[in-house]
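The structure follows.
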Amino acid sequence: MNIFKRLYARTFQKIMYLGAFFINFSGPKLFKGEKAINKTIELFKSKNISNIFIPVADSIYKLGLIDEYLKYLKENNISYTLYIDIKPNPTIEDVENGLKLYLDNNCQTIIAIGGGSVIDAAKIIGARASNPKISVNKMKGLFKIRKKLPLLIAVPTTAGTGSETTLAAVIVDKENDHKYHIDSPKLIPSYAVLDPNFLLTLPGKLTSTTGMDALTHAVEAYIGHSNTRKTKKYALSAIKLIFENLKNSYDNPSNINYRENMQLASYQAGVAFTRAYVGNVHSIAHALGGKYNVAHGYANAIILPIVLKEYGKTIYSKMAKIYDYVGFKGLKNKKDKCEFVINYIKQLNSSMSIENKFSNIIKDEDIDELSTFAFKESYPLYPVPKLLDKLDIKNIYKSLIKS
Ligand SMILES: [Zn+2]
């Protein structure tokens with residue numbers, strides 16, 4: 001990339017970084033541990049809330065995982081309205097249907113129980129409830145939501161997206177065949193409930209790919225240029241927790257400790273990237289998700305080691321710090337430590353049956369379009385260690401195809 005384009009991007013990123021000190025990024029308050037969800041009942045009582053709205057993943061509902069909670073709500077005279085029709089990749093229609101239920105039943109607060117899709121939809125339902133004059137399409141982009149949301153509680157049932165801590169929500173506009181981000185600090189939930197019981201029935205494939213999504217959040221935040229002391233600390237801690245617990249929770253799905261640690265890692269990675277951004281791994285994965293509906297975590301898992309390799313010497317120091325922090329021993333040289341960590345990520349993927357390239361997904365004739373999308377997402381916004389231009393991204397897509 002030429003020097004002027006580089007200078008422009010780095011100046012832009014610096015301004016965004018400094019400007020962000022004026023935004024309140026304090027994440028949600030936490031309720032942690034087994035059955036932590038029951039603590040919300042005391043919270044509702046203390047705030048005189050007697051009518052709540054519950055968007056919930058239909059798998060969680062059908063498995064009976066919230067039956068006990070619903071019983072406690074009834075016993076405490078708290079009425080609820082369930083909303084179980086949110087699809088993966090939620091649409092504006094899902095949001096508007098949910099909003100109607102919320103308003104028709106005079107709900108006062110939202111507790112979203114599910115993966116990223118349910119939590120994202122719940123965030124936008126809340127935003128629409130308190131900003132009825134702003135349509136979902138008008139919320140697109142940065143800082144378009146004016147009024148504070150109703151009390152929003154997020155209960156993640158996967159350990160990966162970090163949606164319970166972030167200021168972002170992704171929505172699909174079906175009419176225009178378009179998927180986009182809504183970003184506003186007002187979308188950060190007030191509370192997050194990290195209850196590992198919800199993860200015990202998560203299938204292996206979802207455990208591995210959502211876990212690799214969390215790892216990508218932590219690594220991209222850490223190697224980027226927009227860290228604070230807090231984001232560095234959270235990112236490193238998340239990486240260590242994921243290295244120590246992801247494969248274990250994949251192999252021992254009903255072990256509560258591994259699940260609990262992964263939940264914490266996902267949360268910490270979410271806090272880190274909300275302030276310090278993600279990078280090219282995400283932009284390259286998002287373009288694949290938009291074009292071929294490739295699952296987000298799965299795409300990130302495959303792309304992460306390849307982009308890290310592309311960054312070369314720009315990340316040797318940071319990757320060596322990861323090596324040391326995680327507790328790997330024996331190597332002295334930064335380059336060797338960096339290569340070791342990249343190989344470790346590759347092995348982690350293959351130990352959970354995630355391939356190292358995409359077979360039969362990326363079409364040669366689409367690479368130009370994919371690269372344009374990915375470049376537009378990352379440049380000039382993402383404070384990546386090495387700025388990539390469209391040609392670099394094209395070459396990465398080519399190298400991701402299994403020959
Ligand atoms: Zn992600």
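In each ligand, atom 1 is the first atom listed, and ligand 1 is the first ligand listed. Just so you know, these numbers use all the heavy atoms, side chains as well, and skip hydrogens, waters and symmetry mates. One-based numbering along the sequence shown.
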Do the side-chain N and O atoms of Asp213 and Asn300 include a donor-acceptor pair separated by under 3.5 angstrom?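 Checked: Asp213/Asn300 side chains pair up, N/O donor to acceptor below 3.5 Å.
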Which residues satisfy the ring-ring contact (aromatic ring centres under 6.0 Å, His included) test with Tyr267, sequence neighbours excluded? none
What's the spacing between Tyr323 OH and Phe328 CZ if we round to 0.5 Å?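 So the gap between those two atoms works out to 8.0 Å.
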Under 3.5 Å, sequence neighbours excluded: what are the donor-acceptor pairs made by side chains of residues 303-312?
residue, atom, partner, partner atom, Å
Glu310, OE2, Lys386, NZ, 3.4
Tyr311, OH, Asn280, ND2, 2.9

Please tabulate, one pair per line, all N/O donor-acceptor pairs under 3.5 Å involving side-chain atoms of residues 114-135, not counting sequence neighbours.
residue, atom, partner, partner atom, Å
Ser117, OG, Asn89, N, 3.3
Asp120, OD1, Ser163, OG, 2.7
Asp120, OD2, Val170, N, 3.0
Lys123, NZ, Ser163, O, 2.9
Lys123, NZ, Ser163, OG, 3.4
Lys123, NZ, Thr166, O, 2.9
Lys123, NZ, Thr166, OG1, 3.2
Lys123, NZ, Ala168, O, 2.8
Arg128, NE, Glu96, OE2, 2.9
Arg128, NH1, Pro132, O, 2.9
Arg128, NH1, Ile134, O, 3.1
Arg128, NH2, Glu96, OE1, 3.2
Ser130, OG, Gly126, O, 3.2
Ser130, OG, Lys148, O, 3.0
Asn131, OD1, Arg146, N, 3.3
Asn131, OD1, Lys147, N, 2.7
Asn131, ND2, Ala127, O, 3.0
Asn131, ND2, Lys147, O, 3.1
Ser135, OG, Lys138, N, 3.2

Protein-derived N, O or S atoms lying under 2.8 Å from the Zn ion (ligand 1), waters excluded: 4
Decide whether Asp366 and Tyr292 meet the rule of one side-chain donor and one side-chain acceptor closer than 3.5 Å.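 Judged by distance alone, the side chains do pair up.
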